[in-house]
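Below is one structure, written out as structure tokens; the observations come after it.
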Amino acid sequence: MPVMVITGTGTEVGKTVVTAALAATALAAGRSVAVLKAAQTGVRPEEPGDAAEVARLAGAVTTDELARYPEPLAPSTAARRAGRAPVRPHEVAERAAKLATEHDLVLVEGAGGLLVRFDAAGGTLADAAALLAAPVLVVASAGLGTLNVTELTVRELRGRGLDPAGVVIGSWPDGPDLASRCNLLDLPDVTGVPLLGAVPAGAGALAPARFRGSAPHWLAPRLEGSWDAESFRTREAP
Ligand SMILES: Nc1ncnc2c1ncn2[C@@H]1O[C@H](COP(=O)(O)OP(=O)(O)OP(=O)(O)O)[C@@H](O)[C@H]1O
Ligand SMILES: [Mg+2]
């Protein structure tokens, strides 16, 4: 599985933090990793973007970005308003495929959720994933409202013939409320895909060395970690 596409149920759900955990876990297993942020918006040229944040947390990864646009908008809109060329799904796929010839694992992070437009023709991360025939990991939030958007995202992946690898909770709260705890059972039930991890809230603020040491414990064996869904549910679910 050299390329994995990381999408989410929306913006700010923890895609970057989960991507960093995936990268740290793969690095700990001795694999080389590249992180491609397909289109970075809302960041000035000299500011660190999501790929740089992954490198800060995870360590020695190759970082790459096809374009960045200053306004915090969907890439298609941000490109149009900046008067610049948009990122096309085939460009994302080609860059990821090239990185895959040089690395053991390539993590492609989208912008926002799955159907956020990259270009005026309606191209999305889902189109790039289809060109790559890559599995797509869905990052979801923990609490109320996540069941609907996570199920919609997984259904859209399936409808396109894509492979939804599973769901990772981007930020698992310290004191989870009833909805979050129930969602541990309901998320795999409504989506039909396994829960493959939960990154604790606050993980993004850990010192990088601690983040790297802990990341494998947040991800399931399918993602090369040691997180056990069953015992997590036993501990946290009502
Ligand atoms: N587990 C976590 N621990 C600490 N902070 C987190 C965690 N998950 C998310 N955050 C914080 O929440 C914010 C959004 O997270 P993140 O950048 O990973 O989201 P995203 O889904 O990648 O958003 P975007 O669509 O902008 O790429 C960030 O400020 C991040 O530091
Ligand atoms: Mg991000």
Side-chain angles (χ1 to χ4, degrees), residues 3-20 22 34-54 63-97 99 106-132 134-141 143 145-165 167-171 191 204:
V3 181
M4 178 171 271
V5 172
I6 321 300
T7 192
T9 54
T11 190
E12 297 280 298
V13 293
K15 290 186 300 295
T16 300
V17 174
V18 169
T19 302
L22 290 163
V35 176
L36 173 62
K37 178 74 179 180
Q40 178 73 60
T41 62
V43 174
R44 289 193 305 270
E46 69 284 2
E47 282 179 334
D50 283 359
E53 174 65 3
V54 173
T63 58
D64 204 352
E65 220 175 69
L66 283 163
R68 62 167 54 189
Y69 309 105
E71 295 180 320
L73 299 168
S76 166
T77 313
R80 187 184 74 229
R81 284 177 50 89
R84 306 238 318 272
V87 171
R88 308 273 184 194
H90 76 87
E91 295 171 327
V92 178
E94 282 158 18
R95 186 71 66 89
L99 289 165
V106 180
L107 301 169
V108 182
E109 183 185 339
L114 184 67
L115 297 186
V116 163
R117 300 293 201 273
F118 277 68
D119 61 27
T124 66
L125 186 69
D127 297 310
L131 290 167
L132 287 158
V136 182
L137 189 69
V138 178
V139 180
S141 50
T146 203
L147 291 175
N148 177 58
V149 285
T150 308
E151 184 176 353
L152 284 170
T153 301
V154 170
R155 279 191 188 206
E156 180 64 19
L157 289 169
R158 287 220 179 88
R160 290 168 175 256
L162 292 167
D163 168 25
V167 173
V168 173
I169 295 173
S171 184
T191 60

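Remark: of the listed residues Leu157, Val5, Asp163, Asp163 is the sole one forming a side chain to side chain contact (heavy atoms under 4.5 Å, CB included) with Pro135. For the pairing with Asp50, the side-chain hydrogen bond (donor to acceptor under 3.5 Å, both in side chains) check across Thr63, Thr16, Thr19, Thr41 returns one residue only, Thr16. Of the candidates Glu53, Glu109, Glu65, Lys37 forms a side-chain hydrogen bond (donor to acceptor under 3.5 Å, both in side chains) with just one, namely Glu109. Partner of Thr7 under the side chain to side chain contact (heavy atoms under 4.5 Å, CB included) criterion, chosen from Val13, Thr124, Val138, Leu162: Val138.
In this structure, the side chain of Lys15 engages the main chain of Gly112 through a donor-acceptor pair within 3.5 Å. Side-chain atoms of Asn148 do not come within 3.5 Å of backbone N or O of Gly145 as any donor-acceptor pair.
Under the rule for a side-chain hydrogen bond (donor to acceptor under 3.5 Å, both in side chains), Thr153 has no partner lying at least two apart in sequence or in another chain.
With rounding to the nearest 0.5 angstrom, the CD atom of Glu94 is 12.5 Å from the CZ atom of Arg88. For the atom pair OG1 (Thr191) and CD (Glu151), the distance works out to 7.5 Å, reported to the nearest 0.5 Å. Note that CG of Leu66 is 5.0 Å distant from CG of Leu36, once rounded to the nearest 0.5 Å. In this structure, Arg117 CZ and Asp127 CG are separated by 9.0 Å, a value rounded to the nearest 0.5 Å. Taking CG of Leu115 as the start and CD of Glu156 as the end, the distance is 4.5 Å to the nearest 0.5 Å.
A salt bridge does not link Arg95 with Glu91: every distance from a Lys NZ or Arg NE/NH1/NH2 to an Asp or Glu carboxylate oxygen is 4.0 Å or more.
For Arg160, the CZ atom sits in a packed shell: over 12 heavy atoms of surrounding residues, nucleotides or ligands are nearer than 6.0 Å.
When side chains are defined from C-beta on, Arg158 counts as touching Pro164, because their heavy atoms get closer than 4.5 Å. In this structure, the side chains of Val108 and Met4 stay at 4.5 Å or more apart for every pair of heavy atoms. Side chains of Val139 and Thr9 form no contact here, defined as non-hydrogen atoms less than 4.5 Å apart.
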For this session: Given side-chain contact (heavy atoms from CB on, under 4.5 Å), test Asp64 with Val35 step by step and report yes or no.
Result: CA-CA 6 Å; Asp64 204 352; Val35 176; over 6 Å; no
For this session: Would you please test Leu125 and Val116 for side-chain contact (heavy atoms from CB on, under 4.5 Å) and show each step?
Result: CA-CA 8 Å; Leu125 186 69; Val116 163; over 6 Å; no
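The shortest heavy-atom contact between Ser76 and Ala120 is OG-N, 3.8 Å.
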